[in-house]
Participant: 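Got a structure for you, written out below as structure tokens; questions coming shortly.
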Amino acid sequence: MSVVPSSLLPASAVPAFRGRIGRDVHSGHYAVPHRYRLHVAPYDPGCLSIALTHSLLGLDDTLPLAVLPETTDTPDGGYTALRPLYEASAHLYDGPAAAPVLSDGWTGRIVSTHVPDILRDLALRFRGNGPELLPEGQRAEIEAIGDLCERSINRAAQRAGELGLDGEAAHRDPLGVLFSALGSLERRLARHSYVLGDAPTAADVQVWVTLVQLDTVHRWHLDAAAMERVAGYPALWAYARRLAARPEFARRLDIEGVMRRHRAHCRGREAAGAAIRLVDWSGTTR
């Protein structure tokens, strides 16, 4: 496991605990029922992705999951409950004790705080009887979908919201990126039940969490005209509603918690068209 000392990071950064779950006992950390615990605040997109993956794989009896409050309880943006794990894992640790955390009950230390690594290890080492979320032949495509979600939807929507308040010309480019990405997903979902075909993969976790963020968080910063265009992808939003009705997704989503977290962190102005909602995330169309 590698740890970046907090003294070498900005004050707001979290050290990167990057332990991995290996294939067998020679790996140090290896998959054993009840050895590990996940600590997540599923109001954050990364934590929600971990919670959904945990749910899809049916890991409740194998790898316990502890749900933290939507708002942190320390001035540096961390959780008091996670402080002992961080202090046991890094000498003289003085940064925020942030979620997510994959901890090792045998040692009382952190294995990883890195979302992509945790997601990959859950899918590959703790699958059990769950779906194959990372099929070997589709991993490059899953990675590309994740990049599309982060760069072309999340970042583009955020950027468009920041600039759009100052005039149409300023936000035309990020909105173009956003609509192009949504169109790409629309074409996929017009042909298939899931992003990569007829079975769920890690790409569906990434896309669904991104749509939750778009319809509950980013919408507050986009105007009515932009949100009307965002609504113009029927296959995409039908897919979002269909997954929202699945218990594996619904049980891990707390929309009120997502919104409270957003209000606690948001420092920007909000646009006039924000009242438009595309999905009732309890599984019913609005």
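In this chain, numbering begins with 1 at the start of the sequence shown. When reading the values below, keep in mind they use all heavy atoms of this one structure, side chains included, and skip hydrogens, waters and symmetry mates.
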Participant: Just to verify, what does Arg187 make a side-chain hydrogen bond (donor to acceptor under 3.5 Å, both in side chains) with, not counting sequence neighbours?
Facilitator: none
Participant: For Thr210, enumerate each residue passing the side-chain hydrogen bond (donor to acceptor under 3.5 Å, both in side chains) test, keeping only those at least two apart in sequence or located in another chain.
Facilitator: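 Thr210 satisfies side-chain hydrogen bond (donor to acceptor under 3.5 Å, both in side chains) with no residue once adjacent residues are dropped.
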Participant: Sequence neighbours excluded, which residues qualify as side-chain hydrogen bond (donor to acceptor under 3.5 Å, both in side chains) partners of Arg125?
Facilitator: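 Residues passing side-chain hydrogen bond (donor to acceptor under 3.5 Å, both in side chains) with Arg125: none at all.
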Participant: Run the side-chain hydrogen bond (donor to acceptor under 3.5 Å, both in side chains) test against Tyr79 and tell me which residues pass, sequence neighbours left out.
Facilitator: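 Tyr79 satisfies side-chain hydrogen bond (donor to acceptor under 3.5 Å, both in side chains) with no residue once adjacent residues are dropped.
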Participant: What residue pairs, at least two apart or across chains, pass salt bridge (Lys or Arg N to Asp or Glu O under 4.0 Å) with a residue in residues 40-52?
Facilitator: Asp44-Arg261
Participant: For Asp73, what residues pass the salt bridge (charged side-chain N to carboxylate O under 4.0 Å, His left out) criterion, not counting sequence neighbours?
Facilitator: none
Participant: Could you list the residues that satisfy side-chain contact (heavy atoms from CB on, under 4.5 Å) with Thr53, not counting sequence neighbours?
Facilitator: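 Residues passing side-chain contact (heavy atoms from CB on, under 4.5 Å) with Thr53: Leu57, Leu119, Leu122, Leu133, Val205.
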Participant: Among all residues two or more places apart in sequence or in another chain, which pass the salt bridge (charged side-chain N to carboxylate O under 4.0 Å, His left out) test with Glu150?
Facilitator: Arg155
Participant: In residues 63-71, what donor-acceptor pairs under 3.5 Å come from side-chain atoms, sequence neighbours left out?
Facilitator:
from, atom 1, to, atom 2, distance (Å)
Glu70, OE2, Arg260, NE, 2.4
Glu70, OE2, Arg260, NH2, 3.2

Participant: Restricting to pairs with a member in residues 38-77, which pass ring-ring contact (aromatic ring centres under 6.0 Å, His included), not counting sequence neighbours?
Facilitator: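 ring-ring contact (aromatic ring centres under 6.0 Å, His included) check on residues 38-77 returns no pairs.
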Participant: Does anything in residues 228-249 pair up under ring-ring contact (aromatic ring centres under 6.0 Å, His included), and if so which pairs, sequence neighbours excluded?
Facilitator: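 Matches after skipping sequence neighbours: Trp208-Phe249.
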Participant: Test: salt bridge (Lys or Arg N to Asp or Glu O under 4.0 Å). Region: residues 243-258. Which pairs qualify, not counting sequence neighbours?
Facilitator: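 Applying salt bridge (Lys or Arg N to Asp or Glu O under 4.0 Å) to every pair that reaches into residues 243-258, excluding sequence neighbours, yields Asp60-Arg251, Asp60-Arg252, Arg246-Glu248.
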